[in-house]
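Working notes for the structure below.
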Amino acid sequence: QVHVVESGGGLVHQGGSLRLSCAASGFTLERYAVGWFRQAPGKEREGVSSINYADGSTYYADSVKGRFTISMDRNKSTVYLQMNNLKPDDTAVYYCAKAHWPFDGSRWSEGQEYDYWGQGTQVTVSS
C-alpha cells in the first residue's frame with residue numbers, strides 16, 4: 001500500500017532553515033517522481049519542488065529557487081526539502097505527493113500529476 005508521510009515542520013524565525021522529510025512506502029523512488037506542494041490559508045495549493053530520479057530532473061517554483069533544495073535518499077526511501085533563508089511568505093502546510101507514471105516533467109507543479117498525498121506538515125515563519 002502506498003503511503004507518503006511528511007515530517008520536519010515547525011516554527012522558525014525569518015532567515016532560518018528547516019528540513020522537511022517525506023517517507024515513502026509501497027513504491028520505489030527510482031520509478032516515481034515525488035513532489036512538494038504547499039497551501040497557505042486563503043490561497044491555492046502551489047507546487048514548490050519535485051524530483052524525478054528516473055531522469056535526474058529537479059524542479060523548483062521561482063519563489064523558492066536558490067533557497068530550497070530537494071534531494072532523496074533511496075536507501076531510506078525518503079525525499080527531503082531543505083529550506084533556507086525562510087520568509088514569512090513561506091508559511092503554509094507543506095504536502096508531499098507521489099507522482100503517477102509516466103511523469104510529465106513539464107507539468108510538475110500541477111496536482112493532477114500526483115496520485116498519493118500525505119497529510120501535510122505545518123511550516124510557520126515569523127517576522
Side-chain angles (χ1 to χ4, degrees):
Q1 197 167 8
V2 173
H3 287 102
V4 288
V5 180
E6 308 93 337
S7 62
L11 172 63
V12 63
H13 190 67
Q14 66 178 3
S17 298
L18 283 174
R19 188 178 78 162
L20 304 183
S21 298
C22 172
S25 60
F27 67 99
T28 174
L29 294 178
E30 284 86 350
R31 180 174 176 87
Y32 297 95
V34 171
W36 284 98
F37 290 75
R38 67 186 181 186
Q39 188 165 22
K43 295 186 178 180
E44 293 189 354
R45 182 181 62 195
E46 65 170 336
V48 176
S49 182
S50 189
I51 186 167
N52 186 17
Y53 175 83
D55 64 8
S57 296
T58 57
Y59 308 88
Y60 295 95
D62 288 343
S63 59
V64 307
K65 280 181 181 177
R67 300 188 298 122
F68 291 12
T69 303
I70 193 169
S71 63
M72 70 166 60
D73 184 331
R74 289 180 293 127
N75 291 331
K76 295 183 177 179
S77 294
T78 300
V79 175
Y80 301 100
L81 185 68
Q82 178 67 44
M83 307 186 296
N84 297 329
N85 191 21
L86 283 160
K87 305 175 181 180
D89 283 349
D90 295 317
T91 295
V93 177
Y94 283 70
Y95 299 91
C96 171
K98 167 194 165 293
H100 60 63
W101 188 90
F103 179 64
D104 183 351
S106 67
R107 299 176 60 189
W108 73 268
S109 63
E110 298 180 26
Q112 299 94 312
E113 285 297 299
Y114 302 83
D115 50 15
Y116 288 89
W117 295 76
Q119 294 300 305
T121 185
Q122 176 70 47
V123 172
T124 303
V125 184
S126 63
S127 57

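None of the values given here were measured: they were computed from a predicted structure. Residues take their numbers from the sequence shown, with the count starting at 1.
- Asp115 meets the side-chain hydrogen bond (donor to acceptor under 3.5 Å, both in side chains) test with Lys98; sequence neighbours excluded.
- Val64 and Leu20 fall within the same hydrophobic cluster, defined by Ile, Leu, Val, Met, Phe, Trp and Tyr side-chain heavy atoms under 4.5 Å apart, directly or through other members.
- The side-chain hydrogen bond (donor to acceptor under 3.5 Å, both in side chains) check on Thr124 picks up Gln122, with sequence neighbours excluded.
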Side-chain donor-acceptor pairs under 3.5 Å in residues 21-29, sequence neighbours left out?
| from | atom 1 | to | atom 2 | distance (Å) |
| --- | --- | --- | --- | --- |
| Thr28 | OG1 | Glu30 | N | 3.3 |
| Thr28 | OG1 | Glu30 | OE1 | 2.3 |

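- Connection of Val2 to Val79 is established within a shared hydrophobic cluster, with ILVMFWY side chains joined at heavy-atom distances below 4.5 Å, either directly or through further cluster members.
- Residue Ile70 holds its CD1 atom at 12.0 Å from CD of Gln82, rounded to the nearest 0.5 Å.
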Pair Gln39-Glu46, side chain to side chain contact (heavy atoms under 4.5 Å, CB included): steps then yes or no: CA-CA 6 Å; Gln39 188 165 22; Glu46 65 170 336; over 6 Å; no
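- Hydrophobic clustering keeps Trp117 apart from Leu81 (ILVMFWY residues linked when any side-chain heavy atoms are closer than 4.5 Å, directly or through intermediates).
- Not less than 6.0 angstrom separates the ring centroid of Phe68 from the ring centroid of Trp36.
- Legend: side-chain hydrogen bond (donor to acceptor under 3.5 Å, both in side chains) pairs involving residues 4-15, not counting sequence neighbours, sorted by first then second residue: His13-Ser126.
- Hydrophobic clustering (ILVMFWY, side-chain heavy atoms < 4.5 Å, transitive): Trp101 and Met72 are in one cluster.
- Val5 shares a hydrophobic cluster with no other residue; no ILVMFWY side chain has heavy atoms under 4.5 Å from its own.
- For the pair Ser109 (side chain) and Gly47 (backbone), a donor-acceptor distance under 3.5 Å is absent.
- Under the salt bridge (charged side-chain N to carboxylate O under 4.0 Å, His left out) criterion, Asp55 pairs with no residue at all, not counting sequence neighbours.
- Partners of Ser50 under the side-chain hydrogen bond (donor to acceptor under 3.5 Å, both in side chains) rule, at least two apart in sequence or in another chain, are Tyr114.
- Here the closest non-hydrogen pair linking Ala99 and Tyr32 is O-CD2, 3.4 Å.
- Partners of Ser71 by side chain to side chain contact (heavy atoms under 4.5 Å, CB included), not counting sequence neighbours, listed by chain and number: Tyr80.
- Put simply, the side chain of Leu18 reaches to within 4.5 Å of the side chain of Val123, judged on heavy atoms.
- Distance CH2/Trp108 to CD/Glu113: 12.0 Å, rounded to 0.5 Å.
- Take Lys76 and apply the salt bridge (charged side-chain N to carboxylate O under 4.0 Å, His left out) test, not counting sequence neighbours, and it matches no residue.
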Enumerate, atom names and distances included, each donor-acceptor pair closer than 3.5 Å involving a side-chain atom of residues 89-96, sequence neighbours excluded.
| from | atom 1 | to | atom 2 | distance (Å) |
| --- | --- | --- | --- | --- |
| Asp90 | OD1 | Arg38 | NH1 | 2.9 |
| Asp90 | OD1 | Arg67 | NH2 | 3.0 |
| Asp90 | OD2 | Arg67 | NH1 | 2.7 |
| Asp90 | OD2 | Arg67 | NH2 | 3.4 |
| Asp90 | OD2 | Lys87 | N | 2.8 |
| Thr91 | OG1 | Pro88 | O | 3.0 |
| Thr91 | OG1 | Val125 | N | 2.9 |
| Thr91 | OG1 | Val125 | O | 3.4 |
| Tyr94 | OH | Arg38 | NH1 | 2.9 |
| Tyr94 | OH | Asp90 | O | 2.6 |

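- Residues that satisfy the side-chain hydrogen bond (donor to acceptor under 3.5 Å, both in side chains) test with Ser17, not counting sequence neighbours, are Asn84.
- Applying the salt bridge (charged side-chain N to carboxylate O under 4.0 Å, His left out) test to Glu44 and every residue at least two apart in sequence or in another chain returns nothing.
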